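Report on one structure; see the data block that follows.
Just so you know, ligand 1 is whichever comes first in the structure, and atom 1 is the first atom listed for that ligand. Given the structure is predicted, the values throughout are model-derived calculations rather than measurements. For this chain, numbers begin at 1 and follow the sequence in order. What you see below is based on every heavy atom in this structure, not just the backbone, and it leaves out hydrogens, waters and symmetry mates.
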Amino acid sequence: MTIDRITLFLVNMRLTAPFETSFGVEQDRQCVIVRVDADGLTGWGECPASHSFGYSYETTTTVWHALKDFLIPHALGKPVDIAATFELGEHLRGHNMARHGLESALWDIVAQQQGISLSKALGGTRDRVAVGVSIGIQSSAEALIAKIESYLSQGYGRIKIKIKPGYDLDIVKRVRARFPRILLQVDANSAYHLPDAPLFEAMDEVKLLLIEQPFGWDDIYEHSKLQPLLDTPVCLDESIHSLGHAVTAIDLGACQIINIKPARVSGFTESRRIHDLCQARGLPVWCGGMLETGIGRAGNVALASLPNFTLPGDISASNRYYAEDIAEPLFALNPDSTLTVPTTPGLGVTVNETALNKFTEHQEVLDTDTHG
Ligand code: OSB
Ligand code: MG
């Protein structure tokens, strides 16, 4: 394809409630939306970085820089495909969320050109994907239990709770005592270190589905020392940025499950490679979330339709995040705790440009005139 024009949107959308993790609290969610116009078609992607550091070193500012000053000038006005864009992105040595935003928009266009859904284009095999809900840190155990009750009554069949030092074993035990049979998992977002291993050994009795990213955001070694001490599977999120990291983690026995977020690993191309590796090595994967708008959510749903995504994803219904979204139709929870995979060509959602403009703080058009 030949890209004529790329438009970047700095978007700010208010979450229906603040979302607190071990690295901070967020209510006004910034992201960068990428619109690509090529061969008479329009594709969309989302870079779910935040206004500030926390989950990773990427922010909306670094994403903008990587896209505007490097990726986009090299992509405009000459024939490009997804493989070439992936190779180009490798030169960045990181900035995976920026890469993902552009790559997603290209996948959207390629699937439209083939007249198939993104799910089909990626090799998806399911028409519905199992999902759960990720619940931020609450003010008390009672407040957390009330939230869980509310999400269970909405039909969510898997609950993930965020933990941090001082809000961990005791809270998790109280939740388990109140809900003895639910599918329950925890996410520490890198808040602990190896000397905290006894805390996680004590969690074995709580019968969690998995413990997500207990140790450093870039650590694999300490996790490899923890996993053998536990019956509960360790799941890596922050530490896995590439296929190479996944190979290292599996070879070292650092985890038994991997959370794949396309934005964290540079896009759908690398996501699929990690998916295939895990399938061959016997590890289940699931699709994580980054509080995406309907654009990023559609991509996550498509990815989660691949066969080895056998655990419920952090891809909740649109109304769990935003009162008003920028893409339609909204994703709604089915009674069996699934979301339906779109079947129309491409991402399968339509961007509501009125809503997009309303939430856009800044926008910039880059085209072959500016980057001839
Ligand atoms: O660690 O999975 C995480 C949200 C923002 C950043 C990191 C994480 C999360 C979530 C929410 O857990 C997942 C979602 O529902 O989008
Ligand atoms: Mg996580």
Subject >> Those protein residues which place at least one heavy atom below 4.0 Å from ligand 1 >> reply: F19, Y55, S134, K160, K162, D187, N189, E212, D237, K261, G289, M290, L291, D314, Y321
Original post:
Can you hop from W64 to F9 via hydrophobic side chains spaced under 4.5 Å?
Top reply: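 Same hydrophobic cluster.
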**OP:** Using the rule that two of Ile, Leu, Val, Met, Phe, Trp, Tyr join whenever any of their side-chain heavy atoms come within less than 4.5 Å, decide whether L209 and F200 are in one cluster.
**Re:** no
Original post:
Looking only at side chains, do R320 and T16 share a donor and an acceptor under 3.5 Å apart?
Top reply: no
**OP:** May I have all residue pairs that pass side chain to side chain donor-acceptor pair (under 3.5 Å) and include part of residues 73-88, sequence neighbours excluded?
**Re:** none
Sequence neighbours excluded and cut-off under 3.5 Å, please list the side-chain donor-acceptor pairs for residues 31-39, or say none.
unit_1: R35; atom_1: NE; unit_2: D37; atom_2: OD2; d: 2.9
unit_1: R35; atom_1: NH1; unit_2: E353; atom_2: OE2; d: 3.4
unit_1: R35; atom_1: NH2; unit_2: D37; atom_2: OD1; d: 3.1
unit_1: D37; atom_1: OD1; unit_2: T42; atom_2: OG1; d: 2.8
unit_1: D39; atom_1: OD1; unit_2: T2; atom_2: N; d: 3.1
unit_1: D39; atom_1: OD2; unit_2: Q113; atom_2: NE2; d: 3.1

Original post:
At what distance, to the nearest 0.5 angstrom, does CD of E238 lie from CG of D218?
Top reply: 10.5 Å
Subject >> Gap between atom CE of M203 and atom CD1 of I211 - 0.5 Å precision >> reply: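 Interatomic distance, I211 CD1 to M203 CE, rounded to 0.5 Å: 6.0 Å.
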Original post:
Under 2.8 Å from the Mg ion (ligand 2), how many protein N/O/S atoms can be counted?
Top reply: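 The number of such protein atoms is 3.
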Original post:
Is the H95-Y57 ring centre distance short of 6.0 angstrom?
Top reply: yes
Original post:
Looking at E46, M97, R264, which hits side-chain contact (heavy atoms from CB on, under 4.5 Å) with M290?
Top reply: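 The single option meeting the side-chain contact (heavy atoms from CB on, under 4.5 Å) with M290 is M97.
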